[in-house]
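Report on the following structure.
Naming convention: chains lettered A, B, ... in sequence-line order (proteins, then strands); numbering from 1 in each chain. The structure presented is a predicted model; accordingly, all values stated were derived computationally and were not measured.
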2 protein chains.
Amino acid sequence: MLSKKTQYAFHALVHLAENVDKGPILISEIAQEKNISIKFLENILLELKNAGILGSKKGKGGGYYLMRPPKEIALAKIIRLLDGPIALLPCVSLNYYERCENCRDEAVCGLNEVMGKVRDSALKILENKTLKDILTRS
Amino acid sequence: MLSKKTQYAFHALVHLAENVDKGPILISEIAQEKNISIKFLENILLELKNAGILGSKKGKGGGYYLMRPPKEIALAKIIRLLDGPIALLPCVSLNYYERCENCRDEAVCGLNEVMGKVRDSALKILENKTLKDILTRS
DNA sequence: TATTAGTCTATCTTTTTTATAGGTTTTATG
DNA sequence: CATAAAACCTATAAAAAAGATAGACTAATA
């Protein structure tokens with residue numbers, strides 16, 4: 001399961017994407033709209049900003065906004081940033097690989113093989129679907 | 001990511017499957033072979049037994065054994081038992097569903113839709129692949 | 001210069017994960 | 001029948017991660 005942090009991030013990003021034309025959006029607005037603790041959300045948005053996904057403006061009229069159009073922000077990127085590996089096992093992770101401590105040879109491990117396929121099938125979706133694809137359907 | 005508990009369970013089950021013809025297998029043998037803490041493994045095997053996946057025999061000559069042939073034990077079943085939901089979000093889980101607290105209507109939520117697809121693609125593999133499919137390739 | 005709104009860092013609480021300890025029960029066997 | 005072997009059971013502890021909050025700081029605007 002994705003952490004609350006990542007779930008909140010998705011909902012916040014959706015809100016930002018659905019209001020791209022309205023300039024910077026307040027943290028407090030997102031928090032209220034999406035029913036998220038404002039202080040917790042603050043940290044999340046900051047992390048997204050430091051990763052280059054969001055931009056921000058301080059002071060009156062300030063807030064957060066997307067740095068790129070929604071269709072260019074892949075879901076996989078958000079998950080990896082806030083949640084870490086998408087794979088079910090460290091030994092099949094592309095970005096957070098760790099050697100398996102419980103088997104002799106990953107090259108002939110059937111678990112490694114199957115979990116690799118699960119990873120691929122998830123990535124096929126998560127690398128190609130973007131913020132644009134998760135907007136609320138009218 | 002799967003918990004260590006689930007990872008250990010898979011490795012233990014593989015060992016049992018690869019030795020089906022040898023009668024009951026000692027916890028200590030599995031622990032040593034797969035490099036797992038024996039006491040932790042004890043709890044895991046007991047849980048698998050209580051779920052009807054393993055059988056056991058006490059006393060000398062005792063140990064654990066599979067209750068069904070490896071090809072009848074789906075990977076999804078093990079994950080759900082020890083790790084819980086396979087889905088990335090509670091609101092798309094088939095077995096551990098929880099209503100989304102952050103969106104107004106799941107029926108029109110794009111995140112819900114995409115994550116449902118991720119779940120389906122993972123389940124297509126995990127429901128159909130069995131212990132037999134994760135044995136070490138000769 | 002007052003107000004607004006994001007920034008930063010630290011801390012705290014709760015939950016989950018991982019692991020260990022130690023006694024109990026069952027079974028085989030000499 | 002005594003002994004040893006091995007699983008069973010329950011509790012607890014230690015560590016890590018998740019979730020949440022606090023408060024002072026900085027920048028921008030009017």
Exercise for the section: Using atom CG of A:L54 as one end and atom P of C:dA5 as the other, report the distance to the nearest whole Å. Expected result: 18 Å
Practice task
Please tell me which of the listed nucleotides, C:dA28, C:dG6, C:dC8, lies nearest to the side chain of A:I27?
Solution key: C:dG6
Problem - Protein-to-nucleotide contact annotation, 5' to 3' order, nucleotides 10-20 of chain D [B base; S sugar-phosphate only; - none; under 4.0 Å, heavy atom] - result: B--------SB
Using nucleotides 25-27 of chain D, report all nitrogen or oxygen pairs with the protein that are shorter than 3.5 Å.
residue: D:dA27; atom: O4'; partner: A:K58; partner atom: NZ; Å: 3.3

Exercise for the section: Return the value, rounded to whole Å, for the distance between atom CG of A:L41 and atom C1' of C:dA5. Expected result: 14 Å
Problem - Side-chain donor or acceptor of A:N50 paired with backbone N/O of A:E47 under 3.5 Å - result: no
Exercise for the section: Decide if atom CE of B:M67 counts as having more than 12 heavy atoms of other residues, nucleotides or ligands within a radius under 6.0 Å. Expected result: no
Handout entry: Nearest heavy-atom neighbours spanning A:G62 and A:L26
Key = O-CD2, 3.5 Å
Exercise for the section: Give every residue pair that meets the side-chain hydrogen bond (donor to acceptor under 3.5 Å, both in side chains) criterion with at least one member in residues 87-97 of chain B, sequence neighbours excluded. Expected result: B:Y97-B:E106
Completion exercise
On DNA chain C, more 5' by nearest nucleotide between B:I38 and A:K57 is A:K57
Practice task
Give a yes or no on whether the backbone of B:H15 and the side-chain of B:E33 come within a donor-acceptor separation of less than 3.5 Å.
Solution key: no
Completion exercise
From CD1 of A:I25 across to P of C:dG6 the rounded distance in Å is 10 Å
Handout entry: Inter-residue atom distance A:S3.OG - A:D83.CG, 0.5 Å rounding
Key = 3.5 Å
Practice task
Output the distance between atom CG (B:L66) and atom CD1 (B:I73), rounded to the nearest 0.5 Å.
Solution key: 4.5 Å
Completion exercise
Here the distance between atom P of C:dC8 and atom CG of A:L45, to the nearest Å, is 13 Å
Exercise for the section: State whether B:R80 and B:E127 are salt-bridged, where the test is any N-O pair (Lys NZ or Arg NE/NH1/NH2 against Asp/Glu carboxylate O) under 4.0 Å. Expected result: yes
Practice task
Could you tell me the separation between the CG atom of A:L48 and the C1' atom of C:dG6, rounded to a whole number of Å?
Solution key: 14 Å
